[in-house]
There are 2 protein chains.
Amino acid sequence: MTIKEAAEKTGVSVDNLRFYVKIGLIPAAPRTSSGIRNFDEATLSWVEFVLRFKRSGMPLETIRRYVELALQGDSTKQERKELLLAAKEDLLKKQEQIQESLDVINYKLDTYEQKCGPITAEMVAAWKAKQPSE
Amino acid sequence: MTIKEAAEKTGVSVDNLRFYVKIGLIPAAPRTSSGIRNFDEATLSWVEFVLRFKRSGMPLETIRRYVELALQGDSTKQERKELLLAAKEDLLKKQEQIQESLDVINYKLDTYEQKCGPITAEMVAAWKAKQPSE
DNA sequence: ATAAACCCTGAAGTTAACTCCAAGTCAAGA
DNA sequence: TCTTGACTTGGAGTTAACTTCAGGGTTTAT
């Protein structure tokens with residue numbers, strides 16, 4: 001499979017796929033005798049695996065490190081486990097913070113049904129009181 | 001309150017506070033006669049409000065736009081509501097994607113108790129089969 | 001009244017993650 | 001065979017969100 005087809009299948013741009021290979025986020029795909037990348041199923045699986053973590057906001061460097069360790073085999077099991085535990089903590093914290101924002105947004109949307117949201121309204125009022133004009 | 005005290009209270013660096021004011025993420029704090037910023041409670045409230053959204057990964061430009069609209073008063077109610085609805089969709093999607101990654105991580109952590117995670121193990125095996133050495 | 005610590009601005013530098021470009025090689029159809 | 005389109009690389013450019021710097025003014029404590 002050419003890099004273009006791989007790009008269509010994964011939804012990642014051609015340039016970006018090459019970039020990911022370059023930084024080691026995806027293992028280097030095999031090449032034809034003339035040097036053209038030939039994406040196989042194994043490499044595509046890596047792309048999908050990597051994308052799932054990327055979508056959750058994990059830094060590429062963290063994912064890259066995990067891929068590097070995984071390719072090194074069983075001896076890196078412990079280190080991978082620690083990396084996953086740290087990543088899990090990050091994601092749980094992120095989830096909480098998103099929930100906090102959702103709570104605020106839902107509250108505001110509720111109150112917008114009646115009038116300007118009271119919390120912001122109060123802040124705007126306090127702000128305006130300090131301003132000479134407007 | 002000096003900018004340094006505001007920085008300590010909010011956990012945002014002095015430079016970053018000035019940066020946020022500059023890009024309009026926070027309304028400009030009042031100044032003393034000699035031009036030194038004098039952070040008041042109203043401005044601090046804005047900082048806290050903005051930080052909550054920032055922590056959830058919302059782009060600063062989106063938050064900046066919301067602040068701009070809020071300062072313009074009731075006439076922008078509708079536009080703010082639409083902005084909040086869009087932001088809510090983003091956050092819900094992000095939450096789902098984080099959950100997907102958490103599921104994968106939890107599954108891997110479970111299986112790591114016994115041996116190398118089967119999904120990755122399979123991918124590594126497929127990968128190694130293509131490689132001449134190692 | 002002077003040194004230390006703090007404040008200001010505008011601009012340049014940094015990092016992550018792309019995104020595009022130039023110049024050249026390779027492959028498939030008329 | 002010649003064009004057209006896809007592939008290659010290295011490197012430059014972009015955007016978001018900081019971060020640091022240069023050069024100067026202000027406040028405070030001794």
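Every chain is numbered from 1 and lettered A, B, ... according to where its sequence line falls, protein lines coming before strand lines.
D:dA17 atom C1' lies 12 Å from atom NZ of B:Lys22, rounded to whole Å. One interatomic measurement links the two molecules: CD1 of A:Ile63 to P of C:dA16, which rounds to 14 Å at whole-angstrom precision. Distance, B:Asn16 CG to C:dT14 P: 18 Å, rounded to whole Å. Atoms OH (B:Tyr20) and P (D:dA16) sit 14 Å apart, rounded to a whole Å. For the pair B:Arg64 CZ and D:dA16 P, the interatomic distance rounds to 11 Å; values are reported in whole Å. Straight-line distance from the CD1 atom of B:Ile23 to the C1' atom of D:dT15: 13 Å, rounded to whole Å.
Across B:Gln72, B:Arg80, B:Glu79, a single residue satisfies side chain to side chain donor-acceptor pair (under 3.5 Å) together with B:Thr76, and that is B:Arg80.
Judged by closest nucleotide on DNA chain C, A:Phe19 is the one of A:Phe19 and A:Ser33 placed further toward the 5' end. Along DNA chain C, the nucleotide nearest A:Leu25 and the nucleotide nearest A:Thr32 are compared for position; the residue whose nucleotide lies closer to the 5' end is A:Leu25.
Of the candidate nucleotides C:dT19, D:dT27, D:dC18, D:dT27 has the atom lying nearest to any side-chain atom of B:Ser34.
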With the criterion being N/O to N/O and under 3.5 Å, what pairs connect the protein with nucleotides 5-8 of chain C, and how long is each?
| from | atom 1 | to | atom 2 | distance (Å) |
| --- | --- | --- | --- | --- |
| C:dC6 | OP1 | B:Lys4 | NZ | 2.9 |
| C:dC7 | OP1 | B:Thr2 | OG1 | 3.2 |
| C:dC7 | OP1 | B:Lys4 | N | 3.3 |
| C:dC8 | OP1 | B:Arg37 | N | 2.9 |
| C:dC8 | OP1 | B:Arg37 | NH1 | 2.9 |
| C:dC8 | OP2 | B:Arg18 | NH1 | 2.4 |
| C:dC8 | OP2 | B:Arg37 | NH1 | 3.4 |
| C:dC8 | O3' | B:Arg31 | NH1 | 3.3 |

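The existence of a salt bridge linking A:Lys9 and A:Glu5 is excluded, since no basic side-chain nitrogen approaches an acidic carboxylate oxygen closer than 4.0 Å.
Between atom CG of residue A:Leu91 and atom CE of residue A:Met58 there is a gap of 5.0 Å, rounded to the nearest 0.5 Å.
Residue contacts shown for A:Asp15 include a base, since a base heavy atom lies under 4.0 Å away.
Residue A:Leu44 comes nearest to A:Ala6 through the heavy atom pair CD2-CB, 4.1 Å, listed as atom of the first residue, atom of the second, then distance.
Residues forming a side chain to side chain contact (heavy atoms under 4.5 Å, CB included) with B:Val12 (at least two apart in sequence, or on another chain): B:Thr10, B:Asn16, B:Leu17, B:Tyr20, B:Leu51.
Defined by atom type and a distance below 3.5 Å, a donor-acceptor pair is present between the side-chain atoms of A:Gln78 and A:Glu82.
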